[in-house]
Amino acid sequence: MSDSEQLRDKIFALKEKKNAIILAHNYQREEVQDIADYRGDSLELSRLAATTDCDVIVFCGVHFMAESASILSPDKTVLLPEISAGCPMADMIAAGSARKARTQFPGFEYREEFTYPAEFSLKDIKKLHPGAPVVSYVNTTAEVKAESDICCTSANGVKVVESLESDTVISVPDKNLSAWIAKNTKKKIISWDGFCHVHERATATDVESSREEHPDALILAHPECRMEVLELADHVTSTSGMLRYAEKSDAQEFIIGTETGLLYKLRKDNPAKTFYPLRKDMVCPNMKKTSLTSVLHCLETETYKIKVPEEIRVPAKKALDRMLEVK
Ligand code: 13P
Ligand code: SF4
């Protein structure tokens, strides 16, 4: 038996013993996706975390995802196999303090591209636009969710904004998702200045050169990409939206404008179709931290437990629940 087969057997045995469920985001390593009970985008995984009847949730993803699971299922033990697996975009906004002072993971630096000052927080932008509801992307800390009216994911951003009565909406933290929402609604969107360093890498030049190389391919792009990419794409959707679109489409070739981890499932589900990454370097290092070894360690030692204090969890849950109610 190979090392990875042995690891898998141990994981499955412990999972059963502890009545655990393993959730994996679509960007996880192939071997981690393979041992998961469910794999999906942020919205699907949030829905699963809210309804599962297991005792332990092992979240193979990044910190904010495990935090959302804990917010939605406070009685369950929520485990994140790699505690340093954060999302840099989530650290680009803080609830009430300067963003530099409130980052969950080391290494955050103020960048020239930001339009709001380093001292600015979500509370400051709320003060500038009194009465405007805040839509926070799930890629945020629990504290930011607690300061928000409703959450959204890449799959439901436009619907969430449309569900609000107000004509002006604050959207945090992703400037690209906010711009995409603004393009698809009549409401006025006040955007924060964050971005995903992985998706931000792709440019219009990448789209043009991939089209030249693969003229018959359709281009699918994640709304975290720059507007110049989204405008040239054939379809803009979440990670699981891309899986569904590729399966239904009659096209045979696709250029995928998101983190390259999605290509594994796309190819597995559609063996007769061909998938190319928009850029080979669209790799999220934090999503790749989780391995079979860390999943086993996490089940053996029940680390790292993710628990949100009640005073933050309760308002954060309101924002997530409100999102889950949007059809
Ligand atoms: P999805 O919700 O589309 O899976 O995206 C999550 C994410 O972190 C994208 O970078
Ligand atoms: Fe965060 Fe980007 Fe990684 Fe998604 S791909 S987890 S947005 S850094």
Side-chain angles (χ1 to χ4, degrees), residues 23-29 32-33 36 38-49 59-69 80 82 84-93 103-105 107-109 111 135-141 144 151-160 172-178 180-181 192-202 220-226 229-230 233 235-246 256-266 277-279 281-290 320 323-324 326:
L23 305 182
H25 186 263
N26 286 324
Y27 296 159
Q28 288 288 294
R29 288 168 185 264
V32 173
Q33 292 194 35
Y38 296 98
R39 176 210 41 72
D41 66 12
S42 307
L43 183 60
E44 292 167 334
L45 296 178
S46 292
R47 286 193 196 282
L48 279 162
F59 214 119
C60 303
V62 289
H63 193 275
F64 75 80
M65 295 180 173
E67 226 178 30
S68 297
L80 180 69
E82 291 287 341
S84 67
C87 167
M89 175 158 66
D91 262 354
M92 290 181 184
I93 188 162
T103 55
Q104 299 201 76
F105 304 98
F108 175 84
E109 275 173 21
R111 306 185 191 203
V135 176
S136 66
Y137 192 23
V138 284
N139 299 39
T140 44
T141 61
V144 167
C151 292
C152 78
T153 73
S154 61
N156 63 8
V158 177
K159 271 192 193 163
V160 163
V172 302
D174 186 11
K175 62 178 179 185
N176 293 324
L177 176 66
S178 303
W180 180 247
I181 294 173
W192 189 253
D193 56 11
F195 56 89
C196 162
H197 67 110
V198 180
H199 289 82
E200 184 79 357
R201 242 170 239 167
L220 312 187
H222 194 277
E224 286 175 18
C225 291
R226 293 164 188 257
V229 170
L230 302 180
H235 191 58
V236 176
T237 184
S238 72
T239 54
S240 288
M242 290 187 196
L243 289 165
R244 286 187 290 273
Y245 187 91
I256 302 301
T258 194
E259 211 273 351
T260 57
L262 188 69
L263 291 162
Y264 175 57
K265 179 85 170 115
L266 281 165
L278 177 58
R279 281 179 68 111
D281 63 355
M282 288 178 78
V283 178
C284 176
N286 287 337
M287 279 286 185
K288 301 297 187 251
K289 283 182 178 164
T290 308
L320 278 169
M323 168 187 87
L324 294 173
V326 174

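Counting starts at 1 for both ligands and their atoms, following the listed order. Worth knowing before you read on, the calculation uses all heavy atoms, side chains too, and leaves out hydrogens, waters and symmetry mates. Numbers here are sequence positions counted from 1.
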For atom 6 (C) of ligand 1, grab the closest protein heavy atom and report residue, atom and distance to one decimal in Å. Ser42 OG, 3.4 Å
If you count the atoms of ligand 1 from 1 in the order shown, which ones are under 4.0 Å from a heavy atom of Tyr27? 7 (C), 9 (C), 10 (O)
Report yes if some N/O of His25 lies less than 3.5 Å from some N/O of ligand 1; otherwise report no. yes
Proximity flag Asn139 to ligand 1, non-hydrogen atoms under 4.0 Å: yes
Give a yes/no verdict on whether any heavy atom in His199 is under 4.0 Å from an atom of ligand 1. yes
Can you check side chain to side chain donor-acceptor pair (under 3.5 Å) on Tyr137 and Ser42, steps first, answer last? CA-CA 10 Å; Tyr137 192 23; Ser42 307; 5.8 Å; no
Atom indices of ligand 1 within 4.0 angstrom of Thr239 heavy atoms, with elements: 1 (P), 3 (O), 4 (O)
Need the ligand 2 atom indices (1-based, order shown) with element for anything under 4.0 Å from a heavy-atom of Cys196. 2 (Fe), 5 (S), 7 (S), 8 (S)
Can you sort out which atoms of ligand 1 are near His222, meaning under 4.0 Å from one of its heavy atoms? 1 (P), 3 (O), 5 (O), 9 (C)
Proximity flag Glu224 to ligand 2, non-hydrogen atoms under 4.0 Å: yes
Write out the residue and atom name of the closest protein heavy atom to atom 7 (C) of ligand 1, then the distance separating them to 0.1 Å. Glu224 OE2, 3.6 Å
Please determine whether a side-chain nitrogen of the Lys or Arg among Arg244 and Glu44 lies less than 4.0 Å from a carboxylate oxygen of the Asp or Glu. yes
Counting distance only, does the side-chain N/O of Asn286 pair as donor-acceptor with the main-chain N or O of Gly86 below 3.5 Å? yes
